[in-house]
K.L.:
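Please find one structure pasted underneath; my questions will follow.
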Amino acid sequence: MSADIKDVGVWAQTRTLLYKNYLVKCRTKKDTLQEILYPVIWSLIWLLLVLVMPNKHHETTPNHILNELDVSHVFTVGYTPATNVTENIMMLASHHCIGSDVDIIHFRNEDELKAASASYSHFVGVKFENSMSYKLMFFPLFFPKPTPYIQDCYSSKCDSVQYHDSGFTRIQACIDSAIIKMKTNHSAWEELMTTKSMIMEKQPVVEVDGFYHALMSICLVMAFSPFGCSPAAYIVAEKEKKLKEFMKILGLHDTAFWLPWVLLYILLILLISLLMAFITTVFTPFKHSSWFLIFLLYALYGISLILFALMLTPLFKKAKQAGAIAFLATMVLGALGIFIVMKGDFPKSFVWFFSPFCQCTFMIGIAQVMFLEAHGKGAQLFNLKDGPYPLIITFIFLVVDSVMYLLLASYLDQILPSEYGLKRKPLFFLKPSYWSKKRRNYGVLSESFFSTNTDLSDIVEPVALGLHGKEAIRIKNIHKSFKKENRQVEALQGLTLDIYEGQITALLGHSGTGKTTLMNILCGLCPPSEGIASIYGHRVTDMDEILDIRKVIGVCQQCDIHFDVLTVEENLSIFASLKGINETVKEQEINKVLHDLEMDAVKHNQVKRLSAGQRRKLAVAIAILGDPKVLLLDEPTAGMDSCSRYTVWNVLKKRKANSVIVFSSHCMEEADILADRKAVISQGTLKCVGSSLFLKSKWGVGYRLSMDIKPSSNVDAISSLISQHIPRATLMLQTESCLIYALPLKDVDIFPGLFSALDNDCSLGVVTYGVSITTLEDVFFKLESDTDIDQTDHSIFSQRIEDDGKWKSTEEIDQGLLTMPESHPCTISGKALWRQQAATIAKLHFRNLRRETKSVRYV
Ligand SMILES: Nc1ncnc2c1ncn2[C@@H]1O[C@H](COP(=O)(O)OP(=O)(O)OP(=O)(O)O)[C@@H](O)[C@H]1O
């Protein structure tokens, strides 16, 4: 590692990524504006609702004495059971007090009494428990429901006064007097009849309509909903684009990945809470409440919602799904909150069972503020503990929820398997080594660990003595299998390989032979199923050791990973800071890398506007920033033009001293020019490894003699002439106009004799001939010819040979495709074509939908 690289702490990385998020927000102005305007618009809708449907205000009601006790509304009184005592009581009551206008009827039991209420109008039942205790039964519609609001109580319409007017108090006084008379023989009629009923003074009250309450709560749920989904969508989008794991390879701390997003949204929520608190307390509907408490309620809810969204992120692979489900969860839980506080008979103490959901807690808090507003004082510091749902409990639960979500988010992120990255065991936090670096007892793996009994000398070229002991990357018996549509794919099958310091090593192989899988294992992106790999003696499979390894590696992944909306220079600056490159030399290092890769002209361009080749160069630039000791480059020059390729090769060659450079490629020429050692991988195993000379001499066909011949030429005569001069020559390919022979390397001295014979014998029909040495490509084909190549790969590599064995150039094939007759019998047109296209598109959408549904793994 370069001396100018230092360990970067979480806070330094958070600052860097906070700046990046700020740039992203500035460059995606439309989305940012939507996020800010959305809550403001809902607050304004709320205000509008308040204006259209104002709350009903009830002014102060003074003390008011009601009329004398009266039974004019009662026509019949029924009682049960009918005993001597009860008959006596009722007779006394009727005679002295209730009056003869009211019929007194006895019933055998309570059921008959209840049934009678339907037959008689203005009926009151009396159910005696014993001679001293009784129950008055006023039947539906006859008795008003209690209400906290006293309206027009001086008129007969007042609901609360109906209690008095209904005759309840008079009948109660009459029966009480009769019992007193019977028990004590003392007459209390006069005292009880002069009892005065009075409406007590009532403070002003605001009547909050249920529908209005629900509408207001819905507006609030909607206003805050972006904070429940946007952070989740942004964080999962960075995971989806592999940015998270890539930044972790550069040394990013787990916390520093999500903290910048959380901080940015907290800043945003504080701003919006200020604005909303201002709108709702200055204008209405919370005009009696303390501005600070309303702001605190909004801000705490907003923060807990952001952390709720963060908690959901480990469950998702796709940003779209994460955003949609987080939004849905916020809506559903918000609606649940509205339901539990608005359902009159829902037990008040049970409401707090829903407090682990911040959306419900917030709705409870809003209901409490509305209650306090209705009583004219609003939410104030002095009444934090008052009311049905004390506001202080809401505040406490919102803080507890936030902490709980944060811990859960961090825990789930460490244990839930994801496509990339190593994961910890569920009880990892019980291990002392997790908490203390000193207790991690890992050491450099010993030499004996990698020694093997298998003799590999046939396929592995021995290295020079100077390289002994310089094995930087050691791979032993690595296996990796993936589950793919209910079958196991063996990507690597026991691969063993040493890679040396001071050398460039190329990994060669067909598509799908496991090169990328090997690269991913080496940088800790995916764990092997079996086997061991180490970089400078540290296991890449250990979560703690990989952190040390990542300090010395630079990685260029197969797909380009960068921040699209940032410029080339900004991308390099952010990645340089994450790697820990000293701020004083950062600019110099970035300029050097840009200059080496000839990218100065595009350094101010946004990455999304770069060509594919330029993006690839940027990926290489990010990998080489800070001059890492180990460079793992997966197809670094794919998609580049020849000039760019040469530039990259030169850069890598210059850096190879004291470094370890591994790259994968499909281009044999690139491997031949650039790599000191080439490892050919086939079907997940090592086929051979060594220098070009070793590979060519071991698997090369020697020289290749190619001839253009006339159609009338005698191939047997040509072949016999060649075998006379070079007995071990073999015919490799025969077409109508071309012959190719393989000539052994050792017979090079006797080639001149053959050439003279060919030149002198015109009857053979040879038009021209030429000799070329075996290329690495020939070696590659030779090695692969022993292996069953997967059909698609085979078609790529053997595209120059037609089915019938005739030699055909790529251009010829292209030409063939271009000149394919338009009226091919297999093609369709008109309505049939339209139907086929529509069905294909529908099938495509259906498959995408199914795949996307599958990728929501845990929800
Ligand atoms: N995440 C995965 N899930 C399922 N199968 C996978 C996964 N990653 C790789 N494979 C399979 O493993 C095999 C090796 O893939 P890999 O990408 O390592 O090949 P490669 O040699 O890098 O190919 P290319 O040169 O085209 O990049 C392939 O058959 C591939 O389909």
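Ligands are counted one by one from 1 in listed order, and the atoms in each one are counted from 1 as well. Heavy atoms only: backbone and side chains are in, while hydrogens, waters and symmetry mates are out.
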K.L.:
Take atom OH of Tyr646 as the centre, draw a 6.0 Å sphere, and report whether it contains more than 12 heavy atoms from other residues, nucleotides or ligands.
P.N.:
no
K.L.:
Is there a side-chain contact between Ile561 and Lys241, using heavy atoms and a 4.5 Å cut-off?
P.N.:
no
K.L.:
Nearest to atom 30 (C) of ligand 1, what protein heavy atom do you find, and at what distance?
P.N.:
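For atom 30 (C) of ligand 1, the nearest protein heavy atom comes out as Lys484 NZ, 4.0 Å.
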K.L.:
For atom 22 (O) of ligand 1, what is the nearest protein heavy atom, given as residue, atom name and distance?
P.N.:
Thr516 OG1, 2.5 Å
K.L.:
Measure the distances from the heavy atoms of Gly509 to every atom of ligand 1 and state whether one is below 4.0 angstrom.
P.N.:
no
K.L.:
When you measure from atom 12 (O) of ligand 1 to every protein heavy atom, which one gives the shortest distance, and what is it?
P.N.:
Ala491 CB, 3.4 Å
K.L.:
With a 3.5 Å cut-off and no angle check, do the side chains of Glu670 and Ser665 form a donor-acceptor pair?
P.N.:
yes
K.L.:
For Ser511, counting its heavy atoms only, list the atoms of ligand 1 lying under 4.0 Å from any of them.
P.N.:
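In order of numbering, the contacting atoms are 23 (O), 24 (P), 25 (O), 26 (O).
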K.L.:
How far is atom 14 (C) of ligand 1 from its nearest protein heavy atom, and which residue and atom name does that atom have?
P.N.:
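Nearest protein contact, heavy atoms only, for atom 14 (C) of ligand 1 is Gly512 O, 3.6 Å.
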K.L.:
Which ligand 1 atoms, with their elements, are less than 4.0 angstrom from a heavy-atom of Gln558?
P.N.:
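The list of qualifying atoms is 24 (P), 27 (O).
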K.L.:
Without hydrogens or angle criteria, can the side chains of Thr496 and Asn477 be said to hold a donor-acceptor pair below 3.5 Å?
P.N.:
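The answer is no; no qualifying pair exists.
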K.L.:
Minimum heavy-atom separation for Glu240 and Ala319, please, with both atom names.
P.N.:
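Distance-wise, the nearest heavy atoms are OE1-N, 2.8 Å.
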K.L.:
With distance as the sole criterion, is a donor-acceptor pair present between the side chains of Glu501 and Ser659 under 3.5 Å?
P.N.:
no
K.L.:
Tell me which one of Leu507, Thr517, Thr513 gets a heavy atom nearest to atom 18 (O) of ligand 1.
P.N.:
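Answer by nearest heavy atom: Thr517.
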K.L.:
Tell me the protein heavy atom at minimum distance from atom 9 (C) of ligand 1, and give that distance in Å.
P.N.:
Phe482 CE1, 3.4 Å
K.L.:
Note the single closest protein heavy atom to atom 29 (O) of ligand 1, along with its residue, its atom name and the distance in Å.
P.N.:
Val489 CG1, 3.7 Å
K.L.:
Does any part of the side chain of Thr541, heavy atoms only, come nearer than 4.5 Å to the side chain of Ile521, both counted from C-beta?
P.N.:
no
K.L.:
Looking only at heavy atoms of Glu635, does any of them come nearer than 4.0 Å to an atom of ligand 1?
P.N.:
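The answer is yes: ligand 1 sits under 4.0 Å from a heavy atom of Glu635.
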K.L.:
Flag this pair as yes if the NZ/CZ of Lys480 is under 6.0 angstrom from the six-membered ring centre of Phe482 and inside a 45 degree cone about the axis; otherwise no.
P.N.:
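Yes, Lys480 lies over the aromatic ring of Phe482.
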K.L.:
Check if His510 has a non-hydrogen atom at a distance under 4.0 Å from any atom of ligand 1.
P.N.:
yes
